[in-house]
Amino acid sequence: MKHITCIEDLRELHKRRVPRAFFDYADRGSNAEETLRANRDDLQRIKFRQRILVEVSKRDLSTTILGEGASMPLILAPVGLLGMQHGDGEIHACRAAQSAGIPFTLATMSICSIEDIAAAVDKPFWFQLNVMKDRGFIKSLIERAIAAKCSALVLTVDLQVIAQRHADIKNGMTVPPEWSLSKILDFASKPAWVAGVLHGKRRTFGNLVGHLKGTEDITAMSSWISSQFDTTLNWKDVEWVRAIWPGKLVLKGILDVEDAELAAKCGAQALVVSNHGGRQLDGARSSIKALPEIVGAVGAKMEIMLDSGIRSGQDVMRALALGAKSCMIGRAYTHGLGAGGEAGVAKAIDLIARELATTMGLCGINKIREIDDRVLAV
Ligand SMILES: Cc1cc2nc3c(=O)[nH]c(=O)nc-3n(C[C@H](O)[C@H](O)[C@H](O)COP(=O)(O)O)c2cc1C
């Protein structure tokens, strides 16, 4: 990984090593991808104040996230189907995060189950919950996360209606995949990926195994999942989750200040300003644009995290300067995973850490808590 110098290099390797349907599933956004682009464009428009001759020999990226020590203000976001980017992908990503001293969030729609991860790592991880129609199943998932000693529950609140990603339809990106000659040839040209996935613990939705009585059939599971997205979901359901989950609760997918104010009243410790990485409401504004207003309204009451578009340490610095306490990354580490498993995820985290340390140095900053809007050029 010596010649990998930025997340884009990991993305290029990911593209070469993983079948196109899975690469595109990770890489692309919804509809016309306006919001996907806005996330990057708006971050890159934010410029720093270069400061000189400030002693920066004692730079320290450490911070706290939800009251726990972390080596830097970064979290691996929940990403579905990581085990299809690399065999046992969720375990690889969790191990890399824990070695780096940052939290990993396991998605409900993961390939490895909650119990697979708990058995494979020593430290607690976070669990992300989609509230689906079958509330009995959701309650049992929360209980499994409690039994696995997950240290935070991330409740995703922007998935009530699923947006369309054109690339997934064109690529027949279904679980199980729709087969075509070009897809078979594509898979055949990625033998290392095929071997990795075949040797992985599972090739299906690990958290659902055993739930659909009498079938482990992946087609049956997929159609059950698509029937489970719940358009009736509302703030009462958040109260219901709050009553069952005793630990730290994070609401993920807030972009509007009125929603942030409601979130601050529901007993959650944190919220993630997020547009799901440009995969949901196309035409929504970028997360970084939404951030300052939300920090102003509820930043004193809750911990504010941000995701969507973070690809570098410079981006983390931008979000922190506008009031986020930490950032989540989705694609940045998924590219690392597709490029090189655990080592690739470790590389992604290390790249961002180094970039953040350099940016702090060139802005005359030594500590994470010193970062505020004074580091920005107006
Ligand atoms: C391939 C992929 C799958 C995702 N799956 C989930 C998921 O299952 N649950 C969830 O809450 N968010 C999911 N997300 C959204 C991420 O948690 C995060 O919000 C997003 O990736 C942040 O944007 P970024 O990729 O630009 O960093 C997914 C994102 C990607 C790229």
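Counting starts at 1 for both ligands and their atoms, in listed order.
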Measure from every N or O atom of ligand 1 to the protein's N or O atoms and keep only the pairs below 3.5 Å, writing each with atom names and distance to 0.1 Å.
unit_1   : atom_1 : unit_2 : atom_2 : d
ligand 1 : 5 (N)  : Gly80  : N      : 3.0
ligand 1 : 11 (O) : Thr156 : OG1    : 2.7
ligand 1 : 11 (O) : Lys252 : NZ     : 3.1
ligand 1 : 12 (N) : Pro78  : O      : 3.4
ligand 1 : 12 (N) : Lys252 : NZ     : 3.0
ligand 1 : 12 (N) : His276 : NE2    : 3.2
ligand 1 : 14 (N) : Pro78  : O      : 3.3
ligand 1 : 17 (O) : Pro78  : O      : 2.6
ligand 1 : 17 (O) : Lys252 : NZ     : 3.0
ligand 1 : 19 (O) : Lys252 : NZ     : 3.1
ligand 1 : 19 (O) : Asp307 : OD1    : 3.4
ligand 1 : 19 (O) : Asp307 : OD2    : 2.7
ligand 1 : 25 (O) : Arg331 : N      : 2.9
ligand 1 : 25 (O) : Arg331 : NH1    : 3.0
ligand 1 : 26 (O) : Gly309 : N      : 2.8
ligand 1 : 26 (O) : Arg311 : NH1    : 2.9
ligand 1 : 26 (O) : Arg311 : NH2    : 3.3
ligand 1 : 26 (O) : Arg331 : NH1    : 3.2
ligand 1 : 27 (O) : Gly330 : N      : 2.9

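Within the structure, ring pair (Phe, Tyr, Trp, His ring centres under 6.0 Å) pairs that include any residue of residues 234-261 do not occur (at least two apart or interchain). Among residue pairs with one or both ends in residues 134-161, those qualifying as salt bridge (Lys or Arg N to Asp or Glu O under 4.0 Å) are Glu115-Arg144, Arg135-Asp230, Arg135-Asp237, Lys139-Glu143; sequence neighbours excluded. Annotation: side-chain hydrogen bond (donor to acceptor under 3.5 Å, both in side chains) contacts involving residues 186-199, sequence neighbours excluded, comprise Asp186-Lys190.
Both tests pass for Arg279 against the ring of Tyr25: distance under 6.0 Å to the centre and angle within 45° of the axis.
A side-chain contact (heavy atoms from CB on, under 4.5 Å) with Ile352 is found for exactly one of Arg311, Gln314, Met72, namely Met72. For the side-chain hydrogen bond (donor to acceptor under 3.5 Å, both in side chains) with Asn207, the lone residue among Ser140, Ser110, Ser113 that qualifies is Ser110.
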